[in-house]
Amino acid sequence: MARIAILLDDRCHPKECQWECQAYCPPVRMGQECILEGPLGKPIISETLCIGCGICVHKCPFDAIKILNTPEADPNEIVHRYGYNGFRLYRMPIPPPQGISGLLGPNGTGKTTALRLLAGREVPNLGDYAAGGSWPKVLEHYRGTALRAHFERVAKGELRTVLKPQYVDRLSEEPISVREYVERGGPRAAAVLEEVGLTARADRKLSDLSGGELQLVAIAGTIAADADLYLIDEPSSYLDIVHRLQVARVLRRLGETKSVLVVEHDLGLLDYLADQAHLLYGEPAAFGVITHPIPMRTAINTYLTGYLKDENVRFRPEAVRFVSHPPKPTTRLNVLVTFPALEKEYPAFHLGVGVGSVAKGETVGIVGPNATGKTTFVKMLAGVEAPTVGGVAPGVTVSYKPQYLKATQAASLRERAGALSGDPSFDGKLFERELVPGLHLDGILDVALTDLSGGELQRAAVALALARPATLYLLDEPSAYLDADERMSMARLIRRQVERQAVSALVVDHDVYLLDLACDALMVFRADAPDGSRGRGDGPFPMREGMNRLLSTVGITFRRDAETLRPRINREGSALDREQRAAGEYYYEAP
Ligand code: ADP
Ligand code: ADP
């Protein structure tokens with residue numbers, strides 16, 4: 001076993017604590033220099049002197065320390081290490097000269113780091129963080145391997161790489177137009193704008209675009225470049241199902257002649273997009289190991305099973321299970337919430353939603369393209385926006401998790417929950433016993449909300465929303481910023497809570513696997529005017545009908561994987577695709 005001691009730099013506030021890590025450390029108390037003050041005024045934890053007792057982990061008021069006892073990883077396989085108590089990455093993906101490879105693994109296990117190293121944005125230090133990386137050392141280390149050939153070309157500046165960044169919202173700060181941005185990317189700008197459907201919006205300023213539009217711009221700017229290797233970090237964020245598939249097709253076309261490496265958490269999309277994937281396992285923020293490439297279908301099935309046979313690694317205690325048939329339509333006798341026909345009139349947008357009802361214990365997915373009014377509908381039910389026509393029935397208590405989250409308080413989740421305890425509108429017991437473990441929040445209870453990553457904040461916000469006793473839970477895009485594993489545990493948790501408490505939930509989301517696992521019924525939104533000035537929402541429909549309504553408008557069919565029963569997107573025009581379209585069964589087998 002190897003001992004790994006990690007200090008999470010951004011969470012460590014050595015001026016605001018009593019150095020509890022050092023004060024309570026048994027070896028320190030015995031006079032050993034196990035925890036010292038480093039040159040930057042933060043603790044340095046010796047991995048050789050540490051006895052693995054975990055006292056510092058519990059005493060740290062900011063949850064800034066991780067101590068792990070893990071099976072010995074081969075130090076020769078370290079590619080990069082961020083500092084003494086920093087994250088370490090083992091092994092690298094090797095992109096083939098053509099085709100699309102995926103990187104699939106939990107947040108914080110080194111996917112972005114791997115992309116940056118492959119692109120030569122940072123020189124791998126092979127674990128020697130003190131000396132830093134140098135190309136001669138890297139080339140010597142990888143002598144005789146395919147990676148050497150790759151790094152040699154990078155070092156000589158002969159491999160042209162381009163990287164689509166993960167955080168596209170930052171683009172909105174650039175004072176330029178869509179066309180200017182994409183032209184800066186490379187010579188294929190005009191063709192690429194057309195491919196991703198941005199031609200009509202080419203003269204808009206980046207600052208005026210929605211998240212989904214910025215994502216398309218970022219992708220367009222990346223593939224406009226004339227490069228050898230395209231590194232694409234999370235292309236699906238902010239995109240609806242239609243745009244996810246459109247982007248997948250564009251990237252597949254690129255992969256016919258170029259080498260493309262994609263990080264993606266939407267499993268349905270990754271499955272369709274890539275030919276093979278490298279899985280990552282490890283401990284978030286501590287270490288990550290990248291596996292050899294696995295053919296796409298097997299890669300996702302392995303991921304869902306939770307066990308990597310080749311390396312004898314279990315990354316989840318149990319397998320994720322799908323069922324191939326639709327859930328039984330709920331009986332309408334059990335109706336818990338009914339809403340009347342609603343309309344909302346904005347200066348440039350009109351939304352109409354038909355009468356609907358949600359049954360006890362039912363989770364309803366809300367699906368459809370962006371800008372068709374899904375968020376507006378949820379806000380009307382939440383009482384955040386007043387409907388122009390129709391009123392929401394009184395007597396329904398709602399709990400709402402908005403789409404965009406922004407932490408404004410320096411308070412931690414524990415402090416937040418503590419302040420709410422005793423409040424009848426907060427179920428502290430449920431929070432502590434079910435939601436904290438279910439959403440894996442134990443390790444971040446003491447971190448200031450403002451210090452949480454996007455995925456951590458999302459899980460915290462969902463936990464706080466579900467801890468509020470209500471009849472109707474409204475969750476707007478709970479999968480945003482979550483990795484695939486977190487999405488699936490989120491789906492199961494929502495479903496379980498709703499069933500157990502005999503309440504209802506409406507969940508806006510674009511991830512088909514999350515919807516499949518969580519939902520009993522679907523509301524379907526669509527554009528109701530060619531210029532996007534009107535939106536229309538209907539339902540809830542039983543899953544089969546809802547999926548058929550959604551997928552028939554976008555022309556996508558799914559089949560089921562024989563082994564895991566997970567949904568898989570059919571190749572356009574394949575025999576199955578044609579057969580299912582003809583039968584009008586886009587998602588489930590004919591009854
Ligand atoms: P992923 O893309 O899988 O979410 P990243 O490669 O972004 O993972 O990061 C892995 C870990 O490496 C993070 O948890 C973070 O703690 C650490 N890390 C990333 N970049 C740096 C950096 N520049 N300096 C120090 N640590 C870093
Ligand atoms: P979705 O959730 O389906 O992406 P939204 O409900 O967010 O759609 O938005 C639907 C349309 O309503 C968009 O065209 C948006 O610009 C418009 N809209 C949303 N909120 C407002 C507002 N407060 N004022 C004016 N227009 C708005």
Side-chain angles (χ1 to χ4, degrees), residues 6-12 64 66 79-90 103-118 121-122 125 129 165-167 208-213 231 233-234 238-243 263-265 278-290 342 344-353 366-382 384-386 388 402-404 453-456 474 476-477 481-486 508-510 523-529 531-537:
I6 297 290
L7 183 74
L8 303 167
D9 223 35
D10 42 353
R11 291 191 194 160
C12 174
K66 287 189 175 205
V79 182
H80 199 71
R81 177 167 173 169
Y82 293 115
Y84 180 72
N85 291 131
F87 175 84
R88 38 217 94 162
L89 180 67
Y90 294 81
L103 279 185
L104 171 59
N107 280 335
T109 55
K111 298 179 297 298
T112 301
T113 300
L115 295 190
R116 291 177 49 80
L117 295 171
L118 277 177
R121 300 282 169 99
E122 200 154 354
N125 63 24
Y129 52 88
Q166 181 180 5
Y167 300 103
D208 296 340
L209 301 184
S210 68
E213 289 168 325
L231 302 158
D233 206 348
E234 298 197 25
Y238 300 112
L239 296 184
D240 58 47
I241 294 181
V242 183
H243 284 104
V263 173
E264 180 52 57
H265 298 297
H278 300 262
L279 302 182
L280 282 95
Y281 62 90
E283 175 68 25
F287 75 101
V289 184
I290 300 179
L342 294 173
K344 180 76 194 176
E345 188 78 55
Y346 284 128
F349 183 76
H350 175 274
L351 170 67
V353 184
I366 300 186
V367 295
N370 280 339
T372 53
K374 300 181 298 298
T375 292
T376 302
F377 169 65
V378 168
K379 281 185 178 166
M380 290 197 282
L381 294 185
V384 175
E385 287 280 352
T388 315
Q403 178 179 18
Y404 296 109
S453 70
E456 291 166 342
L474 303 168
D476 200 343
E477 286 215 53
Y481 302 112
L482 298 187
D483 63 41
D485 231 28
E486 291 167 336
V508 180
D509 215 279
H510 300 291
M523 286 190 72
V524 184
F525 280 63
R526 58 183 164 85
D528 205 16
D531 63 354
S533 65
R534 296 177 69 85
R536 170 81 205 170

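Atoms within a ligand are numbered from 1 in the order they appear, just like the ligands themselves. Since the structure is predicted, the reported quantities are computational estimates derived from the model, not experimental observations.
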What protein heavy atom sits nearest atom 9 (O) of ligand 2, and how far away is it? Thr376 OG1, 3.9 Å
Is the contact between Ala348 and ligand 2 made by the side chain, the backbone, both, or neither, using heavy atoms and a 4.0 Å cut-off? neither
Using a 4.0 Å cutoff against the non-hydrogen atoms of Asn107, which atoms of ligand 1 qualify? 4 (O)
Using a strict 4.0 Å cut-off to heavy atoms of Pro369, name the atoms of ligand 2 that fall inside it. 3 (O)
Are any non-hydrogen protein atoms located under 4.0 Å from atom 19 (C) of ligand 1? yes
Closest contact, heavy atoms only, Leu117 versus His80: CD1-CB, 3.7 Å
Consider ligand 1: state whether an atom of it lies below 4.0 angstrom from any non-hydrogen atom of Pro284. no
State the CG-CZ distance between Asp240 and Phe525, to the nearest 0.5 angstrom. 13.5 Å
Geometric class of the Tyr481/Tyr238 ring pair [parallel <30°, tilted 30-60°, perpendicular >60°]: perpendicular
Counting from 1, what ligand 2 atoms have a heavy atom of Thr372 closer than 4.0 Å? 1 (P), 3 (O), 8 (O)
How close do Thr388 and Lys344 get, heavy atom to heavy atom, and via which atoms? OG1-CA, 3.3 Å
Atom 12 (O) of ligand 2: nearest protein contact (heavy atom, Å): Phe349 CD2, 3.2 Å
Can you report which non-hydrogen protein atom sits closest to atom 8 (O) of ligand 2, along with the distance? Gly373 N, 3.1 Å
For atom 21 (C) of ligand 2, tell me which residue out of Tyr238, Phe525, Tyr346 has the closest non-hydrogen atom. Tyr346
Nearest atoms (heavy-atom pairs only) where Ala114 meets Ile290: CB-CD1, 3.9 Å
In terms of residue, atom name and distance, what is the protein heavy atom nearest to atom 5 (P) of ligand 1? Thr113 OG1, 3.7 Å
Enumerate, atom names and distances included, each donor-acceptor pair closer than 3.5 Å involving a side-chain atom of residues 278-289, sequence neighbours excluded.
{"residue": "His278", "atom": "ND1", "partner": "Thr291", "partner atom": "O", "Å": "2.8"}
{"residue": "Tyr281", "atom": "OH", "partner": "Glu311", "partner atom": "OE1", "Å": "2.6"}
{"residue": "Glu283", "atom": "OE2", "partner": "Lys66", "partner atom": "NZ", "Å": "3.3"}

Shortest reach to atom 7 (O) of ligand 1 by a heavy atom, considering only Asp233, Thr112, Leu115: Thr112
Considering only protein heavy atoms, which is closest to atom 4 (O) of ligand 1, and at what distance to one decimal place? Gly108 N, 2.7 Å
Of all heavy-atom pairs linking Gly537 and Leu351, the shortest is N-CD1, 4.5 Å
Give the C-alpha distance, both sets of side-chain angles, the deciding distance and a yes or no for side chain to side chain contact (heavy atoms under 4.5 Å, CB included) between Asn370 and His510. CA-CA 10 Å; Asn370 280 339; His510 300 291; 3.5 Å; yes
Near Thr375, which atoms of ligand 2 are under 4.0 Å from a heavy atom of that residue? 1 (P), 2 (O), 6 (O), 7 (O)
Quick check on contacts: which atoms of ligand 1 are under 4.0 angstrom from a heavy atom of Lys111? 1 (P), 2 (O), 3 (O), 4 (O), 6 (O), 8 (O)
Relative to the heavy atoms of Pro106, which atoms of ligand 1 are at a distance of less than 4.0 Å? 3 (O)
Quick note on ligand 2: atoms under 4.0 Å from a heavy atom of Lys374 include exactly 1 (P), 2 (O), 3 (O), 4 (O), 6 (O), 8 (O)
Would Arg88 and Thr113 count as a side chain to side chain contact (heavy atoms under 4.5 Å, CB included) if you check the C-alpha gap in whole Å, the side-chain angles of each, and the deciding distance to 0.1 Å? CA-CA 10 Å; Arg88 38 217 94 162; Thr113 300; over 6 Å; no
Atom 1 (P) of ligand 2: which protein heavy atom is closest, and how many Å away? Ala371 N, 3.4 Å
Evaluate the 4.0 Å heavy atom contact test for atom 15 (C) of ligand 2: does a protein atom fall under the cut-off? no
If every non-hydrogen atom of Arg526 is compared with every non-hydrogen atom of Thr372, which pair is closest and at what distance? C-CG2, 3.5 Å
Residue pair Asn107, His265: steps toward the side chain to side chain contact (heavy atoms under 4.5 Å, CB included) verdict: CA-CA 9 Å; Asn107 280 335; His265 298 297; 3.5 Å; yes
Minimum heavy-atom distance between Leu89 and Thr109, given as atom pair plus value: CD1-O, 3.9 Å
Any idea which of Tyr82, Tyr129, Phe87, Phe287 brings a heavy atom closest to atom 22 (C) of ligand 1? Tyr82
Please check this pair: side chain of Asn125 against backbone of Arg81, looking for a donor-acceptor N/O pair closer than 3.5 Å. yes
Show, in sequence, the C-alpha distance, side-chain angles and deciding distance for Val353 and Met523, and conclude whether the side chain to side chain contact (heavy atoms under 4.5 Å, CB included) test is met. CA-CA 10 Å; Val353 184; Met523 286 190 72; 3.9 Å; yes
Nearest protein heavy-atom contact for atom 13 (C) of ligand 1: which residue, which atom, what distance? Ala285 CA, 4.3 Å
Does Ala286 come within less than 4.0 Å of ligand 1, judged by its heavy atoms? no
Which bit of Ala114 gets closer than 4.0 Å to ligand 1, counting heavy atoms only: side chain, backbone, both or neither? neither
